[in-house]
Amino acid sequence: MAVRCQRANQAGWGVKTNAKKRPTRCQAAVHDARHVLEPFLRRNAVKIIVGLRNYDVQVTHDVALAAWRGGASMVDVACDEDVVAAAREATKDQLPICASAVDPHAFDVAVKAGASMLEVGNYDGFYPDGIVFSAEDVLQITRDTMKRHPNMPMSVTVPHTLPLDEQVALALKLEQMGVDVIQTEGGVIAEPFAPGLIGLVQKAAPSIAATHAIARALEKAHVMCASGLSSATAPMAISAGASGVGVGSAINKLNDPVAMVATVQAIVDAVHGEDLPSHLREEARSSYAKLSAREERL
């Protein structure tokens with residue numbers, strides 16, 4: 001596992017190199033565990049993912065701002081002081097910041113900078129480099145991370161490279177260790193062959209399938225379905241047993257702030273259904289109208 005982590009770090013994942021250091025802003029999590037996990041208890045958590053390797057402070061700020069304005073539950077960012085600070089500034093400390101890495105030591109900086117949750121995972125970006133993680137790799141990283149930060153809410157991604165029965169077995173072991181959230185993945189391996197809505201369903205199918213299998217086996221830990229989701233498929237993930245959804249590329253690859261907010265709101269609306277707060281519903285209508293008008297002018 002140490003060799004695998006070293007390969008990941010050499011590939012530029014999980015640890016920022018040559019980073020410009022700034023004074024530490026916070027010595028403790030801004031949001032307590034109860035606040036962080038509350039949306040999962042309501043089964044309507046929406047996490048917007050900036051990217052494990054994305055150390056662009058401006059991009060982080062823009063995505064986090066869209067997450068906050070769109071009504072998301074939290075933002076997932078890289079383990080870097082400046083990145084965490086940018087997300088906190090954009091959200092005015094109103095949203096919990098989840099920091100992701102695969103190196104237990106990398107979380108130290110994020111915790112000091114004010115991250116409120118830790119995520120072992122978001123492996124999608126590793127696979128093109130030929131880096132995969134075994135069940136034992138994930139367990140060891142999680143043990144070491146929980147030992148270093150025993151009071152932090154923990155989320156761990158189960159690699160989709162494992163057979164489904166082994167994904168379930170790993171999720172059960174993680175639950176026994178006290179992990180709060182088990183995150184699924186799979187969108188990177190999906191190859192939609194149909195356009196439109198059918199293609200969106202095909203893209204989300206692997207992660208939703210893993211969510212269904214894992215959620216049925218767990219007793220305490222929450223399941224977050226991530227990778228390949230959209231506003232059309234997010235409700236399917238909740239129906240499959242997820243307590244929340246994680247969405248990344250559908251947001252962070254957009255360059256238009258209005259489109260980013262509208263997309264976040266569409267996902268939040270889809271997950272909340274009739275429970276969406278009225279002020280967010282009105283903001284969603286406004287964003288949709290602006291986006292539609294902009295598209296008509298193009």
Side-chain angles (χ1 to χ4, degrees), residues 1-33 36 47 49-57 60 74-88 96-159 161 170 173-174 177-183 185 224 226 246 248:
M1 192 277 291
V3 173
R4 202 178 303 275
C5 283
Q6 183 179 19
R7 289 182 61 202
N9 292 339
Q10 289 173 345
W13 297 89
V15 179
K16 183 178 179 183
T17 57
N18 298 322
K20 180 181 178 182
K21 296 302 179 182
R22 296 167 64 178
T24 299
R25 293 169 172 77
C26 183
Q27 295 297 331
V30 177
H31 300 271
D32 62 24
V36 173
K47 180 175 74 171
I49 303 169
V50 179
L52 179 68
R53 199 182 187 184
N54 196 333
Y55 296 104
D56 189 312
V57 172
T60 298
M74 64 181 64
V75 183
D76 191 312
V77 303
C79 281
D80 174 71
E81 182 181 345
D82 294 341
V83 167
V84 173
R88 289 183 56 197
I97 306 302
C98 176
S100 293
V102 295
D103 179 357
H105 296 84
F107 291 111
D108 297 353
V109 172
V111 171
K112 290 181 180 179
S116 298
M117 188 174 193
L118 305 181
E119 161 76 22
V120 174
N122 291 335
Y123 312 118
D124 284 356
F126 290 83
Y127 303 132
D129 294 325
I131 300 174
V132 296
F133 294 83
S134 68
E136 185 52 42
D137 289 334
V138 174
L139 290 170
Q140 189 60 54
I141 296 170
T142 303
R143 289 189 198 100
D144 293 345
T145 301
M146 295 180 73
K147 184 176 180 180
R148 298 179 71 86
H149 304 288
N151 299 319
M152 293 290 290
M154 281 293 305
S155 174
V156 179
T157 298
V158 172
T161 50
L170 174 57
K173 290 180 181 179
L174 291 168
M177 292 170 59
V179 170
D180 301 291
V181 179
I182 308 297
Q183 183 168 304
E185 62 172 15
M224 170 165 280

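Just so it is clear, the structure is predicted and the values come from calculations on it, not from any experiment. Index from 1, following the sequence. Any value given below was found using the heavy atoms of this structure, including those in side chains, with hydrogens, waters and symmetry copies removed.
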Is any side-chain heavy atom of V36 closer than 4.5 Å to one of C98?
no
Separation of L118 CG from S100 OG (nearest 0.5 Å):
9.0 Å
To the nearest 0.5 Å, atom CG of L174 lies from atom CG of L170 at 4.5 Å
Lys/Arg N to Asp/Glu carboxylate O, E136 vs K173, below 4.0 Å:
no
Roughly how far apart are Q140 CD and F133 CZ, rounded to 0.5 Å?
13.0 Å
S116 (side chain) donor-acceptor with H31 (main chain) under 3.5 angstrom:
yes
Do Y127 and T161 have side chains that approach each other closer than 4.5 Å (heavy atoms only, starting at C-beta)?
yes
Can you tell me how far apart CG (D76) and CG (N122) are? Round to the nearest 0.5 Å.
5.0 Å
Should E119 and L52 be marked as a side-chain contact (heavy atoms from CB on, under 4.5 Å) after you check the CA-CA gap, both sets of side-chain angles, and the distance that decides it?
CA-CA 10 Å; E119 161 76 22; L52 179 68; over 6 Å; no
Where do V156 and T145 land on the side-chain contact (heavy atoms from CB on, under 4.5 Å) test, with the steps shown first?
CA-CA 11 Å; V156 179; T145 301; over 6 Å; no
Shortest non-hydrogen contact from V77 to V50?
CG1-CG2, 3.8 Å
For the student: nearest non-hydrogen atoms of P159 and E185, plus distance:
CA-OE2, 3.3 Å
Enter the distance from I49:CD1 to M224:CE here, rounded to the nearest 0.5 Å.
7.5 Å
Return yes if some donor-acceptor pair links the side-chain N/O of D180 with the main-chain N/O of M154 below 3.5 Å, else return no.
yes
Is the side chain of D80 donor-acceptor paired with the backbone N or O of D82 at a distance under 3.5 Å, no angle test?
yes
Looking only at heavy atoms, which two atoms of I141 and V102 are closest? And how far apart?
CD1-O, 3.4 Å
Might you work through the side-chain contact (heavy atoms from CB on, under 4.5 Å) test for F126 and V132, ending with a clear yes or no?
CA-CA 7 Å; F126 290 83; V132 296; over 6 Å; no
Under 6.0 Å from the NE2 atom of H149, do we count more than 12 heavy atoms belonging to anything else shown?
yes
Shortest non-hydrogen pair, V179 vs V181, comes out as CG1-O, 3.3 Å
Are side-chain heavy atoms of M117 and P96 found at a separation under 4.5 Å?
no
Show the nearest heavy-atom pair for residues V84 and A115, with the distance to one decimal.
CG1-N, 4.0 Å
State, with a plain yes or no, whether a side-chain heavy atom of M177 is found less than 4.5 Å away from one of L139.
yes
Treating Y55 as the side-chain partner and A78 as the backbone partner, does any N or O pair qualify as donor plus acceptor under 3.5 Å?
no
Minimum-distance pair of heavy atoms, taken over all atoms of F107 and C79:
CD2-SG, 3.5 Å
